[in-house]
Visitor: 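Encoded as structure tokens, here's the structure I'll be asking about.
Small disclaimer: the values here were computed from a predicted structure and weren't measured.
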Amino acid sequence: MRPLAFVAAAAALFAGLTGPSATAADEPTTTKLTLSGDRFKMTDTSYTAATNNLYTNHLTDHANLTDVVTTNYTTNSSGASDPWMNLRSMRACSGNETKALPPVTKKVAWCWSAAHSDDDTGRWWPQGMSSTGTADGGDGAIQGKHVTAVAWHYKTYTRDAAADKDGCRTNNLLKLSFIDRDTAKYRHVLLAEPTSTSSSASNFKFVAGHAGGIVWYGNYIYVTDTSNGIRVFDINKLAKVDTYGSGVSTYGISGGKSSACGYPYVLPQVHYYKQASTPPSGGCSDDAVDGTPDADSLCYSWLSLDKTGGSPFKLVTGEWFGAANGGRVVRYQLNPSGSATYPGLLNMSGGKTVIEDAYAASRYRGLQGGMTWTDDQGVLNFDFHKGCATKPAVFSHTWVGDTRAPTACTGNNLSTGNWAVGTPQALSYWPKLGTTQVDELWGLTEHICPSDSLKASYPEDFKDIDPATGDGDACLGYSGDTSLSLRSVFAVGFTDPAVQNLH
């Protein structure tokens with residue numbers, strides 16, 4: 001274990017781990033890349049004028065974060081009783097689902113509502129996570145609320161009818177959950193994109209993607225678009241729609257009425273950063289095209305925020321390949337919230353985003369989430385969630401110059417492993433809660449063990465695990481009338497030796 005040290009700089013608000021400097025003979029697991037030209041740079045398409053027009057003239061029932069996490073609806077927009085509209089509650093994890101939590105002391109440990117099947121649905125899958133703790137540089141609150149945001153994508157099954165694969169059942173339809181830390185209440189919100197960039201835009205559509213990573217910074221929420229780049233949404237433009245309820249399957253504005261796939265609130269897009277060329281077909285898949293990531297294109301799989309190492313802050317993105325080595329980690333420069341140009345947005349030069357630095361995690365594969373920080377000795381540190389299907393996965397702490405061999409995923413069924421099952425999806429840092437320094441590392445897990453009926457109805461999507469090859473899988477041997485939730489949201493101590501002494 002490297003000795004602990006606290007980074008005292010107020011701008012950093014991080015706890016760091018010290019370590020030896022790299023030597024010329026080292027072959028670090030995470031190797032700095034030399035980038036040339038416009039490699040991995042993105043251009044910005046602004047939707048600000050379009051969103052402003054929607055907000056001013058069409059989505060005129062304005063909302064804020066407090067409305068979203070405190071307003072409890074008992075009826076739909078027609079006035080009929082509709083429990084689906086209620087605020088939902090995170091709950092204590094129990095039974096086998098506690099295996100989804102890391103095996104160290106938890107500061108927060110939640111599982112999703114069973115009453116609404118958020119815990120075990122095979123349709124919606126939680127992915128990226130961030131919070132007001134990272135967004136805010138002071139007391140960990142935005143608009144006076146301590147909130148964690150989780151992105152979900154919708155899954156259509158192979159045997160779904162064609163009619164079930166469009167509209168509000170489109171594969172990879174995206175939504176966010178806003179969880180009030182103080183009450184554990186949460187609500188889903190639909191992400192919305194104006195149908196044009198024009199200042200006269202009068203309609204919106206849903207957003208589709210994987211949402212493997214999100215970052216909350218100031219009033220903006222950044223969301224990955226795996227092959228293309230990063231979308232940005234503005235919580236200051238939250239709005240309530242006209243028509244909502246469990247039976248609503250429309251979106252956009254029609255006949256002067258707005259709807260959002262049944263949800264009462266929409267969160268509009270204001271920017272869309274795109275890289276010049278997208279990876280080839282299959283380039284962001286499990287094997288990255290025969291085991292090799294595309295040299296010139298990035299897969300935006302996860303995100304985190306790094307406020308250490310002095311100005312500027314960094315938006316950190318990384319790649320996931322389930323069966324290929326060589327995921328890259330790229331850190332883009334962020335402008336301060338009070339900047340005269342692009343406040344709270346990515347720094348731009350010559351019409352392109354400015355990259356702080358980039359690294360190759362050359363001896364890792366399956367990175368599900370990560371974060372970086374610079375400790376008080378100036379060493380750049382990395383924390384990674386390394387997914388292993390639904391096996392107990394690996395939480396890895398490494399640093400520039402670290403030459404230890406990466407830890408393999410080990411363990412059997414639900415019993416062992418050095419982190420959690422489910423599998424880990426994201427990492428996010430929460431420094432302060434009010435005036436108290438809490439130094440928390442937040443994460444979440446996504447998986448379920450499908451019920452027998454789900455496996456029987458959709459065998460292509462939920463295959464039984466072959467005992468001959470499935471050793472270590474969390475769902476090995478599971479059989480039940482209901483699906484087993486391995487979904488959790490948790491926080492552990494960032495400076496806890498039991499957390500950081502892992503590789």
Visitor: Does Tyr265 have Lys240 sitting over its ring (NZ/CZ under 6.0 Å from centre, angle to axis within 45°)?
Guide: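 Pair Lys240/Tyr265 does not count as cation-pi.
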Visitor: Using ring centroids (six-membered ring only for Trp), state whether Trp302 and His385 fall under 6.0 Å.
Guide: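 No, the ring of His385 stays outside the 6.0 Å limit from the ring of Trp302, centre to centre.
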Visitor: For the pair Glu319 (side chain) and Cys299 (backbone), establish whether a donor and an acceptor sit closer than 3.5 Å, ignoring hydrogens and angles.
Guide: yes
Visitor: Quick check against the 3.5 Å criterion: does Arg487 have a side-chain atom that pairs as donor or acceptor with the backbone of Glu446?
Guide: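 Side chain of Arg487 to backbone of Glu446: a pair is present.
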Visitor: Under a 3.5 Å threshold, yes or no: a donor from one side chain and an acceptor from the other, between Asp461 and Thr158?
Guide: yes
Visitor: Is it true that a side-chain atom of Ser457 and a backbone atom of Ser453 form a donor plus acceptor pair closer than 3.5 Å?
Guide: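 Yes: the side chain of Ser457 pairs with the backbone of Ser453.
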Visitor: If we ignore angles and hydrogens, is there a donor and acceptor under 3.5 Å between the side chains of Tyr272 and Asp225?
Guide: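 Yes, Asp225 and Tyr272 have a side-chain donor paired with an acceptor closer than 3.5 Å.
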Visitor: Quick one: is the NZ or CZ of Lys175 closer than 6.0 Å to the six-membered ring centre of Trp124, and within 45° of its axis?
Guide: yes
Visitor: From the options Phe206, Tyr263, Tyr244, select the one residue that forms a ring-ring contact (aromatic ring centres under 6.0 Å, His included) with Tyr251.
Guide: Phe206
Visitor: Taking Asp44 first and then Lys352, would you say they form a salt bridge - that is, a charged N and a carboxylate O separated by under 4.0 Å?
Guide: no
Visitor: For Lys107, give me all partners under salt bridge (Lys or Arg N to Asp or Glu O under 4.0 Å), at least two apart in sequence or on another chain.
Guide: none
Visitor: Are Ser488 and Trp110 close enough that a side-chain donor and a side-chain acceptor fall under 3.5 Å?
Guide: no
Visitor: Do side-chain atoms of Asp82 reach the backbone of Ser246 as a donor and acceptor pair under 3.5 angstrom?
Guide: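 Indeed, once roles are kept as given, a pair shorter than 3.5 Å links the two residues.
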Visitor: Run the salt-bridge test on Arg123 and Asp160 with the 4.0 Å N-O cut-off and return the result as yes or no.
Guide: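 Result for this pair is yes, salt bridge flagged.
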Visitor: Is there a donor-acceptor pair under 3.5 Å between the side chain of Ser259 and the backbone N or O of Cys261?
Guide: no
Visitor: Quick one: closest heavy-atom pair of Asp136 and Gly140, and the distance?
Guide: OD2-N, 2.8 Å
Visitor: Compare every heavy atom of Thr226 with every heavy atom of His210, then report the nearest pair and how far apart it is.
Guide: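 In this case the closest contact between His210 and Thr226 is CB-OG1, 3.5 Å.
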Visitor: For Lys145, what residues pass the side-chain hydrogen bond (donor to acceptor under 3.5 Å, both in side chains) criterion, not counting sequence neighbours?
Guide: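 Per chain and number, Lys145 pairs via side-chain hydrogen bond (donor to acceptor under 3.5 Å, both in side chains) with Asp180.
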Visitor: Please report the shortest heavy-atom distance between Trp442 and Glu440, naming the atom on each side.
Guide: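 Closest heavy-atom pair between Trp442 and Glu440: NE1-OE1, 2.9 Å.
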Visitor: List in chain and number order the residues that pass salt bridge (Lys or Arg N to Asp or Glu O under 4.0 Å) with Glu193, two or more places apart in sequence or in another chain; answer none if no residue qualifies.
Guide: Arg231
Visitor: Counting N and O atoms only, with roles assigned by atom type, does the side chain of Asn203 sit under 3.5 Å from a partner on the main chain of Ile253, one being a donor and the other an acceptor?
Guide: yes
Visitor: Search all heavy atoms of Val421 against all heavy atoms of Thr445 and return the closest pair with its distance.
Guide: O-CG2, 3.4 Å
Visitor: What's the verdict on side-chain contact (heavy atoms from CB on, under 4.5 Å) for Leu238 and Asn64, showing C-alpha distance, side-chain angles and the deciding distance?
Guide: CA-CA 6 Å; Leu238 275 165; Asn64 57 34; 5.7 Å; no
Visitor: Quick check against the 3.5 Å criterion: does His153 have a side-chain atom that pairs as donor or acceptor with the backbone of Asn171?
Guide: no
Visitor: Does the salt bridge (charged side-chain N to carboxylate O under 4.0 Å, His left out) test come out yes or no for Arg91 and Asp119, once each step is laid out?
Guide: CA-CA 10 Å; Arg91 58 179 175 81; Asp119 60 338; 3.1 Å; yes
Visitor: For the ring pair His271 and Tyr47, is the centre-to-centre distance below 6.0 Å?
Guide: no
Visitor: What distance separates Met90 CE from Arg181 CZ, expressed to the nearest 0.5 Å?
Guide: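 Rounded to the nearest 0.5 Å, the CE-CZ separation comes to 13.0 Å.
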Visitor: Assess whether a salt bridge exists between Asp306 and Arg331, defined as any Lys/Arg side-chain N lying under 4.0 Å from an Asp/Glu carboxylate O.
Guide: yes
Visitor: When the ring centroid of Phe494 is compared with that of Tyr429, is the distance short of 6.0 Å?
Guide: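 Yes, close enough.
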Visitor: Classify the side-chain pair Thr132/His146 by whether it contains a donor and acceptor separated by less than 3.5 Å.
Guide: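 Short answer, no.
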